[in-house]
Amino acid sequence: MITAATLAVALAHLFGVWRALKGPTVFDRVLAANTIGVAAILLLALLGFLTERPEFLDIGITYGLLNLIGTLAVLKFFRYGDLARGAENDAAK
Amino acid sequence: MSEWWPEILSWPFLAAGSFFYVVGLIGLVRMPDVYTRMHAASVSDTFGAALLLIGMMFISGLSLVTAKLIVILLILLFTGPVATHALARAARYAKVEPVLSNSEEAKSSKR
């Protein structure tokens with residue numbers, strides 16, 4: 001059953017890449033990247049169970065946090081054009 | 001009995017988790033609009049991931065592995081809505097129009 005769940009989660013990478021290539025707007029591609037990231041976390045946990053190595057869960061915890069920061073950084077870059085500036089550009093206008 | 005029943009008890013959770021995960025992915029591929037795709041992806045991120053992780057918790061029993069799986073589950077439950085909300089706000093700010101049910105695109109793609 002863990003093998004079936006691993007195959008189901010591995011489909012996420014294929015569908016995510018398809019949506020990242022096809023999506024007409026840039027936000028489709030950011031959504032696909034976020035979905036691939038969550039699928040990678042679950043795949044790490046499932047592979048840890050398949051190979052009897054619980055060390056993969058630590059990598060999963062780290063990547064869970066990095067995935068969120070990466071998504072928010074890409075969105076901030078697309079909105080403000082710069083990762084250093086923030087909402088004070090909106091207030092100055 | 002105590003060595004096989006946690007594995008058997010985890011099977012419905014793993015099966016349901018895989019089912020909801022694949023349903024969310026099919027929604028990601030086939031939905032007509034970026035907002036509806038976000039909604040479908042959040043189904044797989046929340047339902048599918050939670051059920052899969054709870055199924056894995058049954059296999060590992062009361063140990064450090066279960067504690068780490070609970071941490072992964074809490075991270076996914078907290079960061080999923082934050083990412084979806086930020087993405088939807090950014091898409092609305094960039095003036096991506098949603099496909100409403102009475103618009104031309106919805107009428108042309110209806111079978």
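Proteins come first, then strands; the chains are lettered A, B, ... in the order of their sequence lines, and each starts at number 1.
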(message) Need one label for A:Val9: side chain, backbone, both or neither, based on atoms under 4.5 Å from any heavy atom in chain B.
(response) both
(request) Select one option (side chain, backbone, both, neither) describing which atoms of A:Phe49 are under 4.5 Å from chain B's heavy atoms. (result) side chain
(message) As an exercise: rank B:Leu25, B:Thr84, B:Leu53, B:Val71 by heavy-atom pairs under 4.5 Å with chain A and give me the winner.
(response) B:Leu25
(message) So for B:Leu28, is it side chain, backbone, both, or neither that comes closer than 4.5 Å to the heavy atoms of chain A?
(response) both
(message) Between A:Asp28 and chain B, with a heavy-atom cut-off of 4.5 Å, which part of the residue counts as in contact: side chain, backbone, both or neither?
(response) both
(request) Indicate yes or no: at least one non-hydrogen side-chain atom of A:Phe77 is less than 4.5 angstrom from one of A:Val74. (result) no
(message) Does any backbone or side-chain atom of A:Ile61 lie under 4.5 Å from a heavy atom of chain B? Answer side chain, backbone, both or neither.
(response) both
(message) With a 4.5 angstrom heavy-atom cut-off, is it the side chain or the backbone of B:Leu87 that approaches chain A, or both, or neither?
(response) both
(message) Within the structure provided, determine whether B:Phe13 and B:Met56 are in side-chain contact (heavy-atom separation under 4.5 Å).
(response) no
(request) Please determine, among B:Leu69, B:Leu64, B:Val82, the option with the most heavy-atom pairs under 4.5 Å with chain A. (result) B:Leu69
(request) Measure B:Val65 against the heavy atoms of chain A and call it side chain, backbone, both or neither at under 4.5 Å. (result) both
(message) Is it the case that atom OH in B:Tyr35 sees more than 12 heavy atoms from other parts of the structure closer than 6.0 Å?
(response) yes
(request) Would you mind checking which part of A:Leu7 comes under 4.5 Å of any heavy atom in chain B, side chain (CB onward), backbone (N, CA, C, O), both or neither? (result) neither
(message) I'd like to check B:Pro98 versus B:Asp33 (side-chain heavy atoms, cut-off strictly below 4.5 Å). Are they in contact?
(response) yes
(message) Less than 4.5 Å apart, side chain to side chain, heavy atoms only: is that true for B:Leu14 and B:Leu51?
(response) no
(request) Name the region of A:Leu72, side chain, backbone, both or neither, that has any atom closer than 4.5 Å to a heavy atom of chain B. (result) side chain
(message) Quick check for you: among A:Ala8, A:Gly60, A:Gly23, A:Pro24, which has the greatest number of heavy-atom pairs under 4.5 Å with chain B?
(response) A:Ala8
(request) Please state whether the side chain, the backbone, both or neither of A:Ala39 comes within less than 4.5 Å of a heavy atom of chain B. (result) both
(message) Salt bridge or not between A:Asp58 and B:Lys68? Use side-chain N to carboxylate O under 4.0 Å.
(response) yes
(message) Within the 3.5 Å criterion, strictly below it, is a donor on B:Asp45 or B:Ser42 matched to an acceptor on the partner's side chain?
(response) no
(message) Let's test your reading of the structure: which of A:Ile41, A:Thr71, A:Asn67, A:Leu46 forms the most heavy-atom pairs below 4.5 Å with chain B?
(response) A:Leu46
(request) Please state whether the side chain, the backbone, both or neither of B:Val22 comes within less than 4.5 Å of a heavy atom of chain A. (result) side chain
(message) Would you compute the distance between atom OG1 of A:Thr62 and atom CG of A:Leu57 and round it to the nearest 0.5 angstrom?
(response) 10.5 Å
(message) Quick check: do B:Glu97 and B:Arg92 have side-chain heavy atoms less than 4.5 Å from each other?
(response) yes
(request) First locate atom CD1 of B:Ile8, then atom CE of A:Met1, and finally report the distance between them rounded to the nearest 0.5 Å. (result) 9.5 Å
(request) Sort A:Leu75 into side chain, backbone, both or neither according to what part of it lies under 4.5 angstrom from a heavy atom of chain B. (result) side chain
